[in-house]
Amino acid sequence: MACQGLQSGETLASLKKESDSLKKKLEEERGKLNDIELHQVAEKVEMLGALSIKTKRLLKGHGNKVLCMDWCKDKRRLVSSSQDGKVIVWDAFTLNKLLTSSGDGTCALWDVESGQLLQSFHGHTADVLSLDLAPSETGNTFVSGGSDKKANVWDMRSGQNIQSFESHESDINCVKYYPSGDAFASASDDSTCRFYDLRADREVAVYQKDSVIFGASTVDFSLSGRLLFAGYNDYTINVWDVLKGTRVSVLFGHENRVSRVRVSPDGTALCSASWDNTLRIWA
Amino acid sequence: MTINTLAKGAWHREQMASFRKKVIVAMQDPDMGVKMRNQRLLITVIPHAMTGRDIIDWLIQKYNICEEEALHVGAMLVRYGYVYPLKEPRSLVLRPDESPYRFQVSQPPLHPPGSVFILPAPIYLAKKNIRKQGELMEYEKERYSVLHKRINHTWDFVVMQAREQLRASKQRRKADRIVLECQEQAYWLINRPPPGAHNVLDMGLERINNSSRVTLVSDITFLYFLFYSLLFIPFVKYSEQYLNHDPIMQGCLPSNPWISDDTAHWTMNAEVVPSPTRLRVERWSFSFMELLNDSMGRREFMTYLEKEFSAENLCFWQACEDVRHGENSRIIEKVEDIYKNFLAPGAARWVNIDSKTMDKTLHGIRHPHRFVMDDAQMHIYFLMKKDSYPRYLKSDLYKNMLAKAVVPQETKKSVFPFMRRQRHARGRASRYQLCSWFPSLMPGPKTCQSQSPESPLYLLVTIATTQGVAFSLQSYCLCESQSFSFTAARLPELGFQR
């Protein structure tokens with residue numbers, strides 16, 4: 001964040017007022033350009049047929065809540081961490097555990113093949129619950145979501161906060177980039193998921209349903225970005241049509257909160273991790 | 001002041017969740033809510049209760065969901081204690097039949113709001129102890145003795161209160177007694193779950209919320225104003241382009257290994273194969289990033305560049321990537337290598353960077369860090385992307401690769417009666433239409449910017465109208481400041497349709 005000492009005649013309150021009025025002006029200008037909604041443009045897109053997705057693998061081995069997981073580039077191995085203090089690398093296809101180690105449970109980026117810690121991301125003012133790296137050519141930005149209901153986009157090198165989005169009504173538990181890197185989705189305790197366009201600098205879709213009354217904890221896109229998989233605290237996974245804004249499917253099966261969902265790198269399957277100490281592979 | 005170990009914020013968050021409250025309030029609406037009436041429990045009549053079946057039916061009708069989902073939502077309502085059962089109160093499940101249920105109260109039952117919170121739990125256990133004459137469950141006995149030790153000084157008061165409540169309950173009508181007992185049972189099952197039972201109040205790791213910090217966005221570095229209809233087309237376009245590559249949506253050839261247990265798909269798409277699949281080679285043409293991200297694609301591109309005597313560009317780019325993503329300890333060594341091989345005057349594989357970038361990079365090399373090569377790397381990247389990449393896609397090398405690429409045979413699925421969507425070998429041609437909002441474009445010049453020069457749609461669009469319908473769209477590629485100018489008449493040949 002660009003920081004500057006207060007000039008004479010300025011107080012924190014007056015600066016905040018100025019910033020608020022500028023934000024309001026921005027919103028007004030944006031409002032004039034708001035000619036159409038995403039789902040209206042998507043009307044001409046072909047409807048999705050009924051999806052048939054089922055559990056294909058059940059990975060048991062953790063002794064406590066599974067909090068986090070991600071896939072290997074090789075598309076079939078994955079790593080998961082749990083409140084039992086262990087990090088396990090699985091061959092999800094054959095259900096074998098390849099490598100286990102004890103950890104302290106902090107959030108970090110692992111190079112699974114060499115077992116080394118590559119990077120851990122910290123160093124900004126908000127309290128972060130989730131972050132994701134931009135898949136863009138310049139690859140220097142990442143987005144973070146936090147307890148302050150904000151999603152921020154940061155420059156990795158300068159540490160600057162480039163963009164900020166505040167439209168959720170509660171903690172943002174997870175953020176994930178759209179495959180092209182031009183947008184991202186967020187999951188929040190307010191039981192909605194939202195879609196933000198980075199170039200329009202605003203939220204462009206909200207994924208919610210009256211019957212979904214528990215917080216969303218995790219999101220991920222399918223390979224083409226057409227589907228958004230979201231895990232919830234009511235043990236289900238809802239599948240949303242990103243463009244049309246409707247729900248395509250509900251996946252039942254876990255016996256406790258879903259803490260993480262991840263689509264495999266080649267898009268063939270979805271893995272979900274849960275507080276019921278298991279992981280499920282869906283295809 | 002509860003003995004409860006929950007962080008106050010977390011508990012408050014869960015309970016006050018307004019969207020859940022909305023459901024409960026709707027359920028209790030006297031006109032549109034769930035049917036409430038006298039329910040029979042053996043020989044007793046309980047007033048103001050609802051059946052499990054009524055709850056399910058109401059959810060189905062109100063939220064337009066299927067039975068399976070309504071059963072799930074209903075089950076969660078009971079599990080989280082918004083609704084409690086009158087039959088078999090130890091079992092917090094929602095039975096979709098004539099079983100009676102009631103709405104739970106928010107305070108511990110039998111204690112007026114504002115009363116000292118520390119005591120309801122021990123009083124409840126003490127009551128149980130008296131009633132069952134000491135025959136509590138193991139875990140209840142343990143808790144009882146722990147509590148006894150902890151609040152020894154008020155234990156007499158606790159036992160006295162327990163006796164009072166038991167006496168008062170004997171004088172109640174049977175219906176009221178049953179209701180209160182079930183209410184209490186359910187309340188404490190949730191707030192003091194037995195060991196090993198599902199603890200719905202578990203909030204996970206504690207979160208610190210410093211909402212007192214004021215953050216001011218003082219730096220508005222870019223404003224993107226774009227007609228949203230223009231903006232959304234890329235998402236539609238991207239999804240259509242990648243549709244055939246998305247196995248969850250369209251299936252994959254020969255079959256999805258997770259479904260068929262056949263790993264042929266992975267074998268055929270391994271990093272190095274003698275002949276890659278058609279889909280994979282096609283994907284290289286989607287964007288320069290796709291080509292580089294695929295190791296085979298990168299190798300093919302390198303071969304092409306060698307023919308053109310510009311392979312040093314790709315080598316340089318790869319070396320820079322290595323610095324960005326590699327170990328800290330080797331950064332200095334790697335940067336030195338890069339300088340020796342690519343940047344030094346007379347270097348064996350000298351890369352052509354503009355003088356300004358070169359000066360900046362050479363200056364930065366004196367104090368090397370992970371991102372020191374970024375500007376130079378970016379320059380070379382875009383050079384390849386604008387120049388070599390498009391020519392590669394038109395080259396014989398690529399075209400031959402595409403021609404001899406493998407199209408796997410779809411595995412016959414004779415076993416399953418439900419046919420999944422058939423996977424077609426050829427992708428659907430991706431089409432998009434600009435909606436017929438042309439005439440509604442507001443008059444007067446407007447400028448907007450986009451950041452990806454990739455697609456001709458993401459453009460710096462300056463719209464200036466002349467009379468009538470004709471207008472011109474100008475576009476700039478941000479990094480190259482070129483400008484292209486089209487008129488409405490040319491739009492069809494660029495792929496736009498009304």
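Chain letters run A, B, ... following the sequence lines, proteins first and then strands; every chain starts at 1.
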Of the backbone (N, CA, C, O) and the side chain (C-beta and beyond), which part of [X] lies under 4.5 Å from a heavy atom of chain A, both, or neither?
X         : value
Leu77(B)  : side chain
Asn269(B) : both
His369(B) : neither

* Quick check: are there more than 12 heavy atoms from other residues, nucleotides or ligands sitting under 6.0 Å from NZ of Lys244(A)? -> yes

Spacing of [atom1] belonging to [X] relative to [atom2] belonging to [Y], to within rounding of 0.5 Å:
X         : Y         : atom1 : atom2 : value
Phe286(B) : Ser180(A) : CZ    : OG    : 13.5 Å
Asp234(A) : Met76(B)  : CG    : CE    : 5.0 Å
Asp246(B) : Arg226(A) : CG    : CZ    : 10.0 Å
Asp210(A) : Tyr63(B)  : CG    : OH    : 5.5 Å
Lys21(B)  : Ile213(A) : NZ    : CD1   : 14.0 Å
Leu71(B)  : Phe252(A) : CG    : CZ    : 9.0 Å

* To do: May I ask you to decide if the ring planes of Tyr178(A) and Tyr238(B) are parallel, tilted or perpendicular, using 30° and 60° as cut-offs?
  => tilted

* Return the orientation label for the His72(B) and Tyr235(A) ring planes: parallel under 30°, perpendicular over 60°, tilted otherwise. => perpendicular

* To do: Return the option, out of Ala183(A), Pro179(A), Gly225(A), with the maximum number of heavy-atom pairs under 4.5 Å with chain B.
  => Pro179(A)

* Asked: Going by an N to O cut-off under 4.0 Å, is there a salt bridge joining Arg280(B) and Asp266(A)?
  -> no

* Presence of salt bridge, Glu69(B) and Arg247(A), under 4.0 angstrom -> yes

* Asked: Could you go step by step and tell me if Tyr80(B) and Phe214(A) meet the side chain to side chain contact (heavy atoms under 4.5 Å, CB included) rule?
  -> CA-CA 11 Å; Tyr80(B) 273 75; Phe214(A) 284 85; 3.7 Å; yes

Engaged part of [X] at the chain B interface, taking heavy atoms whose separation is under 4.5 Å:
X         : result
Glu255(A) : backbone
Lys209(A) : side chain
Asp20(A)  : neither
Phe229(A) : side chain

* To do: Apply the test side-chain hydrogen bond (donor to acceptor under 3.5 Å, both in side chains) to residues Asn256(B) and Thr268(A): give CA-CA distance (whole Å), side-chain angles for both, the deciding distance (0.1 Å), then the verdict.
  => CA-CA 6 Å; Asn256(B) 188 326; Thr268(A) 48; 4.5 Å; no

* Hey, which of Leu223(A), Val239(A), Leu227(A) is the one that makes side-chain contact (heavy atoms from CB on, under 4.5 Å) with Ile248(B)? -> Leu227(A)

* Scan Leu59(B), Val23(B), Ile65(B), Asn64(B) and name whichever one has a side-chain contact (heavy atoms from CB on, under 4.5 Å) with Ser211(A). => Ile65(B)

* Partner chain A: residue of Lys62(B), Arg79(B), Glu271(B) with the largest heavy-atom pair count (under 4.5 Å) -> Arg79(B)

* To do: For side chain to side chain contact (heavy atoms under 4.5 Å, CB included), just list the numbers for Phe235(B) and Val242(A), CA-CA rounded to whole Å, side-chain angles, deciding distance to a tenth of an Å, and then say yes or no.
  => CA-CA 9 Å; Phe235(B) 297 124; Val242(A) 171; over 6 Å; no

